[in-house]
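Side-chain atoms are counted along with the backbone in the values below, which use heavy atoms only and exclude waters and symmetry mates.
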Protein chains: 2
Amino acid sequence: MKNVVLLGSTGSIGTSTLRVAEDLPDRIRLVGLAAGTRTKELLAQARRHRPEIVCMAGASDAKDLASGLDGAARVVCGPEGLLELATLPSADIVLIAIVGTAGLQPALAAIRAGKDIAVASKEILVMAGQIVMNEARKHGVRVLAVDSEHSAIFQCLQDRPGDSVRRLWLTASGGPFRTTSAEEFEGITVERALQHPSWVMGPKITIDSATLFNKGLEMIEARWLFDIEMARVSVVVHPQSIVHSMVEFVDGSLLAQLSTPDMCLPIQVALTWPERVESERVQTNLAKLGSLTFEDPDYHRFPSLDLARRAGEVGGTLPAVLNAANEVAVEAFCAGRTKFPGITQTVRKTMNAHTVIDDPTLEQILEADRWARTVAANGAAVPG
Amino acid sequence: MKNVVLLGSTGSIGTSTLRVAEDLPDRIRLVGLAAGTRTKELLAQARRHRPEIVCMAGASDAKDLASGLDGAARVVCGPEGLLELATLPSADIVLIAIVGTAGLQPALAAIRAGKDIAVASKEILVMAGQIVMNEARKHGVRVLAVDSEHSAIFQCLQDRPGDSVRRLWLTASGGPFRTTSAEEFEGITVERALQHPSWVMGPKITIDSATLFNKGLEMIEARWLFDIEMARVSVVVHPQSIVHSMVEFVDGSLLAQLSTPDMCLPIQVALTWPERVESERVQTNLAKLGSLTFEDPDYHRFPSLDLARRAGEVGGTLPAVLNAANEVAVEAFCAGRTKFPGITQTVRKTMNAHTVIDDPTLEQILEADRWARTVAANGAAVPG
């Protein structure tokens with residue numbers, strides 16, 4: 001039985017995690033649940049899963065939740081509440097699925113309290129990968145990824161030594177504009193960008209899949225998660241999203257992880273590791289699928305990949321700047337304030353304007369994040 | 001450094017093994033080489049690789065070899081010679097790549113002498129899988145497979161517990177008659193059957209790839225090698241031969257091993273395991289390959305798969321009978337004495353005529369082999 005704290009229980013990853021917990025009642029017990037603003041949903045989840053402790057972002061939502069729960073669970077709120085959940089004595093593993101930077105401090109707190117963490121929020125490893133992995137090593141805990149790509153690599157790698165790896169291959173669906181000509185990119189609408197071919201996800205991550213920034217962020221995550229230099233992290237486009245990623249070993253052998261796309265699988269793998277637990281949820285029939293195709297990404301139409309590679313190679317505060325600028329630019333695109341190619345342009349300009357700090361502290365990273373948001377919001381009005 | 005004895009050094013697997021040894025002079029030392037009749041080739045190999053001991057099948061060939069080597073290596077011959085090589089004190093691992101039943105006794109002798117064995121000869125595990133694996137467990141040695149399919153499964157499985165596996169998926173190229181209609185099977189010529197789409201191999205194994213008996217034999221091998229019941233060994237047709245096989249875990253996750261087809265890779269994996277050693281020999285570019293396709297096998301046109309499943313399920317002496325009858329039938333087909341569908345018909349008739357002995361001794365297995373050869377050679381003139 002694993003005792004799990006789930007931060008971000010009402011989002012896409014959060015609700016999938018609850019489904020996995022319902023599939024495996026003898027394996028997974030949810031001891032803590034945290035949500036942002038969806039009080040009613042968290043209330044329903046808490047009634048069903050009976051955690052020890054629940055957390056809402058706001059104090060007044062927390063009050064509403066407490067009255068609904070009527071003493072069935074302890075109710076906390078805000079960043080302090082998240083830290084309390086992250087360090088809950090009964091927790092074995094903390095799954096962090098909060099969008100944005102709010103998951104960073106809880107991730108570090110959980111690690112320092114000796115908990116394994118499972119990371120769904122890209123920000124944690126993109127912004128603070130070096131700090132998080134150093135702390136994890138120091139405290140002897142595991143950092144597991146619950147996105148399909150890093151879970152695939154983790155499953156292929158096991159605990160094999162890093163020097164046996166030649167290259168990590170992240171697969172990318174290619175997004176909705178895989179075959180769209182460069183000329184058409186200016187005219188891409190928000191509606192079109194929100195149609196993802198393989199996965200149903202939140203709007204931010206769906207736009208990121210359209211720009212391939214999603215893959216760029218995953219390259220940076222992989223760099224830290226698997227302790228490998230950026231030059232050995234590659235991307236191959238695979239529109240069917242069945243091969244979730246691959247490891248190429250130094251002898252030329254490739255191991256790949258495959259399954260029909262369902263986030264429940266990487267979540268289950270992370271929460272039951274090192275065991276494999278029976279589940280009928282994911283069924284994959286390759287003969288029925290028929291064909292798996294692969295192609296090189298187009299670095300010209302999708303400059304996000306090179307920007308991410310540069311951020312990962314340079315390191316320091318630059319990945320945080322890329323991440324923050326992208327977030328602001330995606331918001332601007334969704335609000336109609338910039339065109340689709342403006343997203344990568346904003347990120348590039350913001351990155352170019354940044355003076356990188358090497359080996360930054362968490363505070364310096366968060367400061368770079370704030371700086372980048374301001375600069376990007378001002379149209380990155382700096383030499384491009 | 002691994003000290004390797006190679007039985008069958010002048011065949012297809014043997015020469016590939018020598019190439020791997022030449023690639024990795026700091027990792028692999030060939031301490032013993034055995035060949036059947038190709039004296040000149042073994043002489044050249046021995047001059048190049050300087051083994052301690054060499055073996056020819058025949059005494060007069062051995063004499064020729066000895067005079068050519070002029071004392072540079074000890075020369076032995078015949079079955080006793082093979083046993084001497086298999087138990088060579090300096091050997092760490094014995095790679096058995098002799099076609100036919102001649103590899104059986106050396107395989108068991110090597111295991112009993114505490115050597116790991118690497119198995120290329122299908123007969124060893126098909127005929128005596130239970131005995132071989134029991135002996136290996138008893139003596140604490142590893143049985144590694146050097147064909148691409150079982151190597152793939154081995155790489156995907158690692159040493160994970162068997163109860164984490166739902167199914168093993170052997171991939172099959174489908175052979176040259178994958179898309180040939182059932183009506184045309186009667187008219188298939190030997191020339192056409194010898195054209196394999198992906199691999200360059202000897203004639204027996206190439207015909208086996210055309211009937212899919214090759215895959216059937218591999219199903220039986222997998223059953224023993226990975227200690228899994230026959231019902232959980234499946235076949236999927238994959239004409240590109242890039243995915244070499246897969247493991248489906250109980251949680252629905254599939255791990256696959258991929259590479260361009262080159263026997264040097266599974267040989268290197270077996271001879272360097274548990275390490276991964278740098279080699280540029282095998283390069284795989286999925287984007288360039290473009291498409292990997294999968295389809296269900298046609299059990300009607302390729303009854304070999306059901307025959308093999310039955311042999312593996314029933315066990316005892318039946319797999320040896322299937323193997324022997326197939327060998328005789330392939331010879332008959334190559335000599336023009338039977339048509340292509342006659343191969344599976346002969347095997348079925350011979351299997352039907354056999355009274356299975358459960359838990360047989362090696363002698364009973366060899367007796368069943370001899371019996372099946374006679375029955376099959378007589379056209380399996382028994383109730384069909």
Side-chain angles (χ1 to χ4, degrees), chain A residues 20 23-24 151-152 155-156 158-161 163-166 169 171 234-238 242-244 246 248-260 262 264-266 268-269 272 274-297, chain B residues 20 23-24 151-152 155-156 158-161 163-166 169 171 234-238 242-244 246 248-260 262 264-266 268-269 272 274-297:
Chain A
V20 172
D23 284 352
L24 309 174
S151 175
Q155 292 177 59
C156 293
Q158 300 285 334
D159 292 312
R160 271 172 266 193
D163 61 5
S164 69
V165 175
R166 178 183 292 165
W169 287 98
T171 52
S234 294
V235 172
V236 64
V237 173
H238 167 50
I242 298 297
V243 174
H244 294 302
M246 296 178 279
E248 180 179 338
F249 293 93
V250 291
D251 54 13
S253 184
L254 285 156
L255 289 192
Q257 187 267 332
L258 299 83
S259 60
T260 47
D262 186 329
C264 288
L265 181 57
Q268 174 171 328
V269 167
T272 60
E275 285 179 80
R276 293 271 188 186
V277 179
E278 178 76 34
S279 167
E280 297 295 320
R281 186 176 285 280
V282 179
Q283 302 285 342
T284 309
N285 185 327
L286 286 180
K288 215 166 156 186
L289 288 164
S291 176
L292 304 178
T293 65
F294 300 88
E295 57 195 55
D296 286 319
Chain B
V20 172
D23 284 352
L24 309 175
S151 176
Q155 292 178 57
C156 292
Q158 302 285 332
D159 293 311
R160 270 172 267 193
D163 61 4
S164 69
V165 176
R166 178 184 292 165
W169 287 98
T171 52
S234 295
V235 172
V236 63
V237 173
H238 167 51
I242 299 297
V243 175
H244 295 302
M246 298 178 279
E248 180 179 339
F249 293 93
V250 290
D251 55 12
S253 185
L254 286 155
L255 288 192
Q257 188 268 332
L258 300 83
S259 60
T260 47
D262 186 329
C264 288
L265 181 56
Q268 174 171 329
V269 167
T272 61
E275 285 179 79
R276 292 271 188 187
V277 179
E278 179 75 35
S279 168
E280 297 295 321
R281 186 176 285 280
V282 179
Q283 302 284 342
T284 309
N285 185 326
L286 286 180
K288 214 166 155 185
L289 289 164
S291 176
L292 305 178
T293 65
F294 300 88
E295 58 195 55
D296 285 320

Out of [options], return the one with the most heavy atom pairs under 4.5 angstrom to chain A.
options	answer
B/Asp251, B/Leu289, B/Thr272	B/Asp251
B/Ser279, B/Ser164, B/Pro297	B/Ser279
B/Val282, B/Val237, B/Thr293, B/Leu255	B/Leu255
B/Gly252, B/Ser253, B/Ser291	B/Ser253

Where [X] and [Y] come nearest, the two heavy atoms and their spacing:
X	Y	value
A/Met246	A/Leu254	CB-CD2, 4.5 Å
B/Leu292	B/Val243	CD1-CG2, 4.0 Å
A/Ile242	A/Thr284	CG2-CG2, 4.5 Å

Contact list for residues 281-291 of chain A, test salt bridge (Lys or Arg N to Asp or Glu O under 4.0 Å), sequence neighbours left out: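 Only A/Asp23-A/Arg281 qualify under salt bridge (Lys or Arg N to Asp or Glu O under 4.0 Å).
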Measuring heavy-atom distances to chain B, does A/Leu265 have an atom under 4.5 Å in its side chain, in its backbone, in both, or in neither?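 Contact with chain B involves the side chain of A/Leu265 alone.
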Given that the side chain runs from C-beta out, which part of [X] has a heavy atom under 4.5 Å from chain A: side chain, backbone, both or neither?
X	result
B/Gln283	side chain
B/Glu275	neither
B/Val236	side chain

Side chain to side chain contact (heavy atoms under 4.5 Å, CB included) partners of B/Val250, counting only residues at least two apart: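 Partners of B/Val250 under the side chain to side chain contact (heavy atoms under 4.5 Å, CB included) test: A/Arg276, A/Glu278, B/Arg166.
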Has the side chain of B/Gln268 got a donor or acceptor atom that lies under 3.5 Å from a matching backbone atom of B/Val277?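 Checking the backbone N and O of B/Val277 against the side chain of B/Gln268, a donor-acceptor pair under 3.5 Å is found.
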